[in-house]
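Start at 1 with the first residue, then count along the sequence. Please read all numbers here as calculations on a predicted model, not as lab measurements.
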Amino acid sequence: MRDTARPCAGHLPQLLRPVCPLAILRPAFGPVGVSAHPTHWPATKEPESANTVNAVIEPTIEVYLSPGDLRRALESDVRSGFTTAPKSLPPVYFYDDRGSRLFDAITRLPEYYPTRCERSILDAHAKDVVTSTDTDVLVELGAGTCEKSRVLLDAMLSNGSLREFVPLDVSDSTLWQAANALARDYPGLAVHAVVGDFHQHLDRLPAGGKRLIAFLGGTIGNLDPEQRRDFYGRLVSVMSADDRLLLGTDMIKDRERLVRAYDDDQGVTAEFNRNVLHVLNRELGADFDPSRFEHVARWNEADSRIEMWLRSSVEQAVHVADLDLNLSFEAGEEMRTEISTKFSAVGLEEELAEGGFTVESMWASPGEDFVLTSARPR
Ligand code: SAH
Ligand code: AVI
C-alpha cells in the first residue's frame with residue numbers, strides 16, 4: 001500500500017534531468033510558478049476551432065516532484081514491494097519516456113477499446129459536459145499526451161468559456177511536450193503544467209474559476225479501493241461548490257474481451273509490462289533479464305479487476321546494486337505490476353457518494369463499455 005505521507009514516485013529516468021532548460025526542478029515543497037521562455041516544439045496542426053486572433057501564451061510549469069523525491073520513492077517502493085509476498089510494484093513506474101510511448105501505442109491497438117470508447121463519448125457529449133458546468137478552467141489528472149483534452153478544450157472554446165488548462169502528470173517530458181503543443185494550438189489559452197502526483201499534490205492545483213477536473217482513461221481503476229477512498233477525500237476537500245469532477249471508468253464486461261485488451265496479439269502490452277524491469281535496471285543498477293519474465297494478464301473476479309503480473313520463467317537471482325538487495329525468484333513466481341479495476345454503474349455511484357460526491361450525469365459508450373461521470377462535491 002502506498003504511504004501517502006511520503007512522495008510517491010514517478011518514473012525516474014526522464015525526471016532526473018530537466019525536461020527543458022527552463023523547467024526548473026525545485027526541492028520538494030519549494031516555491032512554485034516557473035515561467036518557461038519560448039521553446040520551439042514542432043508546431044502541430046492547428047484545429048479549425050482554434051482562436052487565431054489571440055496570441056500564443058507561453059506555457060508555465062510547476063514541479064512538485066524533485067529528482068530526490070522520486071529516487072527515494074522508487075527505492076522505498078522497491079524495498080517494500082520486493083520483500084513482501086507476492087512481490088509487487090506500483091504502476092507509476094511504467095511511465096518513463098519509453099513506457100509513455102508504449103502506452104500511446106496501446107491506445108491504438110484493436111484489442112484496447114477504452115480509449116476509443118471514451119473518445120467517442122467525449123466527441124458526442126463534450127458540449128453537454130461543458131455547457132452544463134459552464135467551466136472555464138480544465139484540470140486534467142494523469143493527463144499524459146493530453147490528446148483527449150483537446151475535445152474538451154474545443155467544446156469550451158465553442159462555449160466561449162475557455163481560459164486555462166492545467167494538466168498534471170508525473171511524466172514530465174511527455175507533459176511538457178503536450179503543454180507546448182496545446183499552447184500553440186490554442187492561442188490565448190493559458191497552459192499551466194504541473195509535474196506532480198495525484199496521490200499527494202491535489203492541494204497544489206491552482207484554485208479559482210469554475211474548474212472541470214478530468215480524470216480520464218480509467219486511470220482511477222489503477223488505484224485500489226483504499227487509494228480511491230483517499231483520492232476522493234483529498235479531491236473533494238480542494239474542490240469548490242462550482243467545480244466538477246469528470247471521471248472516466250471502464251466497466252465490467254465479458255472476461256475474454258477484458259483479458260484480450262491487456263494481452264494483445266502484437267505483444268505491445270507485454271512490452272509495456274516488462275518496461276518496468278528496464279526502468280529498475282537503468283535507475284537502480286538492477287540486472288533483471290526482461291526476456292526471463294512472461295507477461296500475464298488475468299481477470300480477478302472477486303475484486304472486479306484485471307491484474308498484470310510478470311512471471312519468472314526460470315528460477316533466478318537478481319541483484320539490485322544501488323540498494324545492495326539480492327532477490328530470488330522461483331520458476332513460475334509472479335510479481336504484480338498493475339491492477340485495472342472495472343466498475344458497475346451502481347457501484348461507481350455508491351463509491352462516489354461515499355467519497356463525498358453527488359453524481360450529476362453519466363454518459364456511456366455503446367454497450368456501456370465505458371462511462372464518463374460528472375459529479376459535484378456534496
Ligand atoms: N489520461 C491519459 C493517459 C492515461 S495513462 C489517457 O486517458 O489516455 C496514465 C497517466 O497517468 C500517465 O501519463 C502516467 O504518467 C500518469 N500517472 C500515473 N500515476 C500517476 C500519479 N501517481 N500521479 C500523476 N500522474 C500519474
Ligand atoms: C492508464 N490505465 C488506465 C491503463 C489501464 O487500462 O489500466 C494502463 C494500461 N495497462 C495496460 N494497458 C493499459
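Side chain of Thr341 to main chain of Gly221: a donor-acceptor pair is present (N/O by atom type, distance under 3.5 Å, no hydrogens or angles). Panel note: side chain Asp264, backbone Thr269; a donor-acceptor pair is recorded below 3.5 Å. Looking at Glu349, its side chain never comes within 3.5 Å of a backbone N or O of Val346 through a donor-acceptor pair. Remark: the backbone N or O of Ser100 is not paired with any side-chain donor or acceptor of Asp104 at under 3.5 angstrom. In terms of modelled atom types and a separation under 3.5 Å, the side chain of Ser312 and the main chain of Glu333 share no donor-acceptor contact. The backbone N or O of Arg72 sits nowhere less than 3.5 Å from a side-chain atom of Ser76 that would complete a donor-acceptor pair. Using modelled atom types, one side-chain atom of Glu118 and one backbone atom of Gly217 make a donor-acceptor pair closer than 3.5 Å. Judged purely by atom type and a 3.5 angstrom limit, Arg228 has no side-chain atom pairing as donor or acceptor with the backbone of Gly355. With hydrogens and angles disregarded, no donor-acceptor distance shorter than 3.5 Å links the side chain of Arg234 to the backbone of Gln200.
Residues Val191 and Val56 do not share a hydrophobic cluster, defined by chaining ILVMFWY side chains whose heavy atoms lie under 4.5 Å apart. When hydrophobic clusters are built by joining Ile, Leu, Val, Met, Phe, Trp and Tyr residues whose side-chain heavy atoms come closer than 4.5 Å, directly or via intermediates, Val236 is grouped together with Val359. The hydrophobic cluster containing Val296 does not contain Leu102, counting ILVMFWY residues as joined when their side-chain heavy atoms lie under 4.5 angstrom apart, directly or transitively. Placement of Leu153 and Ile57 in two distinct hydrophobic clusters is found when ILVMFWY residues are connected by side-chain heavy-atom separations under 4.5 Å, directly or transitively. Linking ILVMFWY residues whenever their side-chain heavy atoms come closer than 4.5 Å, directly or via other members, places Tyr113 and Val259 in the same cluster.
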### Message
Run Arg150 and Asp154 through salt bridge (charged side-chain N to carboxylate O under 4.0 Å, His left out) and show every step you take.
### Response
CA-CA 6 Å; Arg150 289 170 180 263; Asp154 286 341; over 6 Å; no
### Task
Let me see the working for Arg98 and Glu271 under salt bridge (charged side-chain N to carboxylate O under 4.0 Å, His left out), right down to the final yes or no.
CA-CA 10 Å; Arg98 180 170 182 266; Glu271 211 39 50; 3.0 Å; yes
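Asp263 pairs by the salt bridge (Lys or Arg N to Asp or Glu O under 4.0 Å) definition with nothing, not counting sequence neighbours. Tyr262 meets the ring pair (Phe, Tyr, Trp, His ring centres under 6.0 Å) test with Tyr112; sequence neighbours excluded. Remark: Glu360 engages Arg244, Arg376 in a side-chain hydrogen bond (donor to acceptor under 3.5 Å, both in side chains) (not counting sequence neighbours). Legend: residues meeting salt bridge (Lys or Arg N to Asp or Glu O under 4.0 Å) with Glu307, ordered by chain and number and at least two apart, are Arg305.
Between Lys342 and Asp250 there is a salt bridge, with a side-chain nitrogen of the basic residue lying less than 4.0 Å from a carboxylate oxygen of the acidic one. Ion pair Glu62/Arg204 not flagged as a salt bridge, since none of the NZ, NE, NH1 or NH2 atoms sits closer than 4.0 Å to an Asp/Glu carboxylate oxygen. The pair Glu301-Arg255 counts as a salt bridge, with a side-chain nitrogen and a carboxylate oxygen less than 4.0 angstrom apart. With salt bridges taken as basic N to acidic carboxylate O contacts below 4.0 Å, one links Arg119 and Asp123.
The neighbour count for Lys253 NZ, taken as heavy atoms of other residues, nucleotides or ligands under 6.0 Å away, is above 12.
A pairwise comparison of heavy atoms in Asp169 and Gly142 identifies OD2-C, 3.2 Å as the closest pair. The shortest non-hydrogen separation linking Asp243 to Pro377 is O-CD, 3.5 Å.
The only option from Val78, Val320, Thr83, Asp287 that meets the side-chain contact (heavy atoms from CB on, under 4.5 Å) definition with Leu327 turns out to be Val320.
Each salt bridge (charged side-chain N to carboxylate O under 4.0 Å, His left out) pair with one or both residues in residues 318-331, not counting sequence neighbours, appears once here: Arg71-Asp322. Screening residues 308-356 for ring-ring contact (aromatic ring centres under 6.0 Å, His included) gives Phe293-Phe329 as the qualifying pairs, with residues at least two apart or on separate chains.
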